Each structure stands twice: as C-alpha cells, then as structure tokens.
Protein chains: 2
Amino acid sequence: MAAIAGVSMKTVSRVINGEPGVAPAKVKSVEQAVRQLDYRPNLTASSLRRLDGRTAAVAALLEDLANPFSAELHRALEDVAHDHDVLLFAGSLDESPEREKQLIRAFTSRRADALILAPASSDQGYLTYEVPEGTPVVFVDRAPVGYEADAVVADNVGGARQAVTHLISHGHRRIAFLGDRPAIPTARDRLEGYQQALRAHGVPFDPDLVVHGLEDAGRAEAALPGLLALPAPPTALFAAQNEITVGAFRHLQAADLQHHVAIVGFDDFPLADLLRPGVTVVAQDPTAIGRAAAELLFARLAGDSAPSRTVVIPTRLVVRGSGEIPPSAGPR
Amino acid sequence: MAAIAGVSMKTVSRVINGEPGVAPAKVKSVEQAVRQLDYRPNLTASSLRRLDGRTAAVAALLEDLANPFSAELHRALEDVAHDHDVLLFAGSLDESPEREKQLIRAFTSRRADALILAPASSDQGYLTYEVPEGTPVVFVDRAPVGYEADAVVADNVGGARQAVTHLISHGHRRIAFLGDRPAIPTARDRLEGYQQALRAHGVPFDPDLVVHGLEDAGRAEAALPGLLALPAPPTALFAAQNEITVGAFRHLQAADLQHHVAIVGFDDFPLADLLRPGVTVVAQDPTAIGRAAAELLFARLAGDSAPSRTVVIPTRLVVRGSGEIPPSAGPR
DNA sequence: CTGAAAGCGCTTACAG
DNA sequence: CTGAAAGCGCTTACAG
C-alpha cells in the first residue's frame, strides 16, 4: 500500500485518519492507491496500537432479542451508537446466568469499549474482576446487585401501583397478581407495587390471588382456569409482564370472559389497541430506556467520572377498555 | 503475565489455547497467574497474527431490528452463531442504501468473518470490491442483484399466489393488492403472485385495485377509505406485508367492516390469532430463514466452495377467519 | 517439552 | 511536511 502510493506507512496513516499537514500531492497519491487496491484500514490492528485501545464497538446483553421489549431497546441503543460511529454487538441471555458470564467474557475478550447489561444473574459482583477497568457498564431494565454501575430502569413499583390503583378505582377488591419468577427483581418490584396499592386503599391482601412463576404466555394461559374457579374468584387481573398479559387475555377470550373480567397489563405490546376490548396497560418506554442508557454510556466513554447514577423512566397508563370493566360484569 | 507465571509468552499462548504438550506444572502456574491477574486474552490481537485472520464475529445487516420479522431472524442467526462460538454484530438499514454501504464498510473494517445481508440497495455489485475475498456473504429475505452469493428467501411469488387463490376460492373476484414500494423486490414478487392467481382463475386484473407505496401501517390505514369508496369496491384485500395488514385491519375495524371485507396478509404477526376475526395470513418463517442462512454461512466458513445456492423457504397459509369472509358479506 | 525471534497492520514518539 | 524505528498483544515458524 505505502509502496504503491510511493510514501511511507506513516503518511498513509495520516491520510486515512484525516490528519492535517500532508502535502496535497501525497494525499492524492494515497487516495488513488486506496481506490486501486480497494484498501480498507484494519480497525482491529489500529485499536491494538492506539493509546486508548478503543475498538468503537459496544456490546449489549439483553433478555431476548426476539422479544419486542428487547428488540426496541436494542434498536434505540443502535441509533445512539450510530450517532457516535460505534457498532453494536448483541446477545440474548434468556434468563441464564451462565450465558451472561459467557457473553461478558466473549465481549471483553474482543475488547468492547463498554457493556450494556440487562442481567439474568442475581448478583453481578463477578463483574469486578471480569470487566477491565475503564470499561463502563450500564445496566438496563434491572438494577445492579453487588456491583456499582449506572442503571436505567422503569418505575416498576410505581407502575404496578398505578395499574392496581386504576382497578381499585373502578370498584375492584379482588384483584389477582400474575407474575413471572419472583427471583427476577422487576417481578418482585411489581408485586411490591401491587401490595402498596392494596394497602393504600384498605383492600385485604389474599395470597390465593397471587400466582408466580408464569415464565411465558402459555403458562399464564394455563394458570387462569384454576384462579377463576376459586370460591371467591378475582374480578380483575393485574398481569405483571407483557407475555403474561397476552396469555391471560387468550384464556379470557377463549372462555368468552374478556368483557367480564378486567385486566391491566404491565408493559405495552403491539396490537393491544386492536383487541376487543382494547387492553389497558401500564406502558414502559423501551426506546427511552435504551436512549438514556446509551447516553449515559457515551458520557462515561467521554470521561464522565461522576458517581453512578440510576435513571428511573416513568411508566404511563394507557386506557383502552379492558381495565375499565366493572366488577359487576364478572362471572358468577 | 509470562513473567508472573515464570514461563515464556509462547507457553502462556499454548496453555490459553489448550494446546497439548505442556508440562503439567507449567500449566498450573499459568492458570494461577491468569487468576491472579484476571487475565483475558486479547482476541483482536490474536486474530491479527493468526493465519486465517478470523475474528469469530459475523455481521448481520437487517431491515429494522425492532420489527418482529428482523428481530426473529436476528435471534435465529444468534442461536446458530452461538453454537459455533461466534458473536454477532447487527445493524438496521431502514431501506437506506447509503446506510447499507456505510455498515458494510464498518463491518469489513472490523474484519467480520462473514456478512448476512437483507439488502436495501437495488444493486449490490459494489460488494465485489467492498468485501474482501474469502469473506462469505449470505443474502436473506431478498436475493442479490449484480453480485453472486448464497441467498435464503421466502417463496414470495408462491405465497402471494396462495393467498389470492384462497380468496378467489371463497368467491371473491374483486381483490385489492396493498403493497410496499415497488422498488422492493419482494413487493414486486408478491404483486407477480397476485397477478398469477388472478390469471389462473380468469379473474380480470383491475389496476384501480392495486395500491403501491404503503411503507408503514399508517399509510395503509389511510389508503383504505379511497379504495373502499370506488364505484365497484373490492370485497377482499391482499395485504402484501405485515405492517400493511395491521394498518388495513385497523381501518376495517374502525369502520366496523372487519366482518364484511375479507383480508389475507403476507407475513404473520404476533396476536393475529387474537383479533376478531382472527387474521388469515400466509406466514413466512423468519426463524427457518435465519437458521438456513447461518448454516449456509458456516458451511462457507468451513471451506465449502460449491457454486452459490438459493434456498427458498416455503410459506404456510394460516386460516383464522378474516380470509374466509364471503363476498356477499361486503358493504354495498 | 520449551522459548527466542520475527511479524500481523497499524500508531506512537521521535528526529529531521 | 515526512519517515524510520519501536511496539500494541498475540501467533508463527523455527531451533533446540
């Protein structure tokens, strides 16, 4: 390359990197050689020697890239990264702590400049020795445990409280909680919000109305018949996650109860407005979460060394019909 | 590192790479030094010197990572890549040829081992000089133009023919075609399938029933009133893409026509079964497309040098109700 | 079984 | 304005 252009390697480097102070004639001959050889600078080599060691790539470890929440979050990260000329590695964790550790190692071995993590593990203390110093980590969706880092999370407690308060304000007093595995911090937070709302309105807490471990739509659907067959069945459901909401709605509609049992879901999902009744939800904003996380991350990469921050993105109640069904409409 | 372990750099390299023929005592001392220093081998450095130059990373350029089709495809790619201990870079093209070229360059500069491309450009001849020799490219969703490479696509012509034949078999003769921009090859193929089905059944082609350029759900929704106000309105709709299907359905439901105008969509979407009526679609299989593409790609990386192949993934008619509405139910 | 030397494609730190 | 030498963290190709 340098030989073809008739200049030194160093001059090639200067032209490629747009450094000033190269004779126009030499710039020209380098540019011509680039075209002639289809020359593409090797970024992995340049990052190796570069003082800051930056690779201009960051890694995102999310729950499941095929799930709309993760996919939208991923897309928001990509957009901000693109503005900074940075590329994105991505991986799905599927609630597996082993996979999390494996991917963290894979990404640090490739010297990603920073990590974005929606952790599957219950404790991230291992990051202390697993992540090289100077590599910022930003948590999304779930706050860190045993590790000090920036985080961007939805207001899980507040959102759940808002959902359940909405149902109470429509006259419900027997409200079921349908949740994911309680090991998941966001699932616990949403249960906490549910309980806070009950307490605040003097509605007794009935453990029979709490169903945990609904890891997917199928399990949520399967859990409903038992719940609705209780001696004193719920007149309303709070579904603490979007897959659960869909599974529960699927059962209600199959049993033709969708206009008789109220339901409010946590986390919005596509087409919720087209169902009949439309499904009332407390919407998270995955795009806002992703943008905020990426901005925090690039601030760190730019040298921001303030103490860790946790950004809480508010949720929003979206009223569509299913959450406004009165208890009198319930099955008897 | 080598100093701490009391061995040469080369022996460290052997232990890290699990090469045989190292004295057990030396293996031990290297392993201890690894722990002591939290040592992580630098994969970018090793790929630089390695003969094959492999980085164990491949790049996927898809339409829009937030769209369910791309997201599922992405996830399938990730799963196969994971089986090969390879990581995935990903980027969204948003139908922008410029973005495509930009990302191709970014990924080749980082020496991705292979590329997976759902092209936004109308001609990919530029890949000839843009992609280094020995870097396999596999096309997904859309076949290459002006470039020779493997491809995995859905059966767009056949699927569209199947959808429209289904409507004809239910008695429809005025069937509208709702399509994306005709510059998109899959959009053209689906129009072709539509026309083939009409011809095969002696149904006259009426250009008034063909609407192009519906780039998103909003435009599809907005296009319907005009179409339904024609002197001889369609009794059925073929929506040639999932966003278009959703937009069209949204209008039908708003106008309370969802039980009167038949609709079949190309490409399935979540919750299509929960709408009323359920939406009949010709389903693509993004997971199958992704898996097939990844397998083709890893075969190439393993040395397969057979001529380029194009794999066509069949579509599947999913009957749910909206496609079985008879023409007599139509608005008058 | 082990290691010293060279080199992957770049940038750094100089010297001129 | 330009380039020769050294070095980033590894692997290769040897030699012993």
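Letters A, B, ... are given to chains in the order of the sequence lines, protein chains preceding strands, and every chain is numbered from 1. Because only heavy atoms are used, hydrogens play no part in the values below, and waters and symmetry mates are left out as well, while side chains stay in. For clarity, every value in this text was computed on a predicted model and none was experimentally measured.
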Please state how far atom [atom1] in [X] lies from atom [atom2] in [N], giving the value in whole angstrom units.
X	N	atom1	atom2	value
B:Asn42	C:dC8	CG	C1'	13 Å
B:Leu48	C:dC10	CG	P	9 Å
B:Glu19	D:dT12	CD	P	8 Å
B:Asn17	D:dT12	CG	C1'	12 Å
A:Met9	D:dT2	CE	P	16 Å
A:Lys10	D:dA5	NZ	C1'	13 Å
B:Lys26	C:dG3	NZ	C1'	9 Å
B:Arg110	C:dC10	CZ	P	14 Å

Quiz item: Has the side chain of B:Arg40 got a donor or acceptor atom sitting under 3.5 Å from an opposite partner on the base of D:dG9?
Solution: no
Quiz item: Has the side chain of B:Arg111 got a donor or acceptor atom sitting under 3.5 Å from an opposite partner on the base of C:dG9?
Solution: no
Quiz item: NA contact type, B:Leu51, heavy-atom cut-off 4.0 Å: base, sugar-phosphate, or nothing?
Solution: sugar-phosphate
Between [N] and [X], is there an OP1 or OP2 to side-chain N/O distance shorter than 4.0 Å?
X	N	answer
B:Thr11	C:dG3	yes
A:Ser13	C:dT11	yes
A:Ser8	D:dG3	yes

Side chain of [X] only, heavy atoms from C-beta on: which candidate in [options] is closest?
X	options	answer
A:Ala23	D:dA4, D:dC1, C:dC10	D:dC1
B:Arg14	D:dG3, D:dC10, C:dT2	C:dT2
B:Arg50	D:dT12, C:dC1, C:dA4	D:dT12

Self-check item: A:Arg142 and A:Glu63: CA distance, side-chain angles, deciding distance, salt bridge (charged side-chain N to carboxylate O under 4.0 Å, His left out) verdict
Solution: CA-CA 11 Å; A:Arg142 300 173 185 177; A:Glu63 247 175 281; 3.6 Å; yes
Quiz item: With nearest nucleotides of DNA chain C determined for B:Gly6 and A:Arg49 from heavy-atom distances, which residue corresponds to the more 5′ nucleotide?
Solution: B:Gly6
Quiz item: Quick check: does any side chain N or O of A:Thr108 sit under 3.5 Å from a backbone N or O of A:Arg111, one acting as donor and the other as acceptor?
Solution: no
Exercise. Determine yes or no for a side-chain-to-main-chain donor-acceptor pair under 3.5 angstrom, with A:Arg110 supplying the side chain and B:Ala56 the backbone.
Key: yes
Quiz prompt | Opposite nucleotide pairing with C:dA4, Watson-Crick or G-U, both atom distances under 3.5 Å | solution = none
Quiz item: Are the charged groups of B:Lys26 and B:Glu19 less than 4.0 angstrom apart, N to O?
Solution: no
Practice problem: Report yes if some heavy atom in the side chain of B:Phe139 is under 4.5 Å from a heavy atom in the side chain of B:Thr310; otherwise report no. | Solution: no
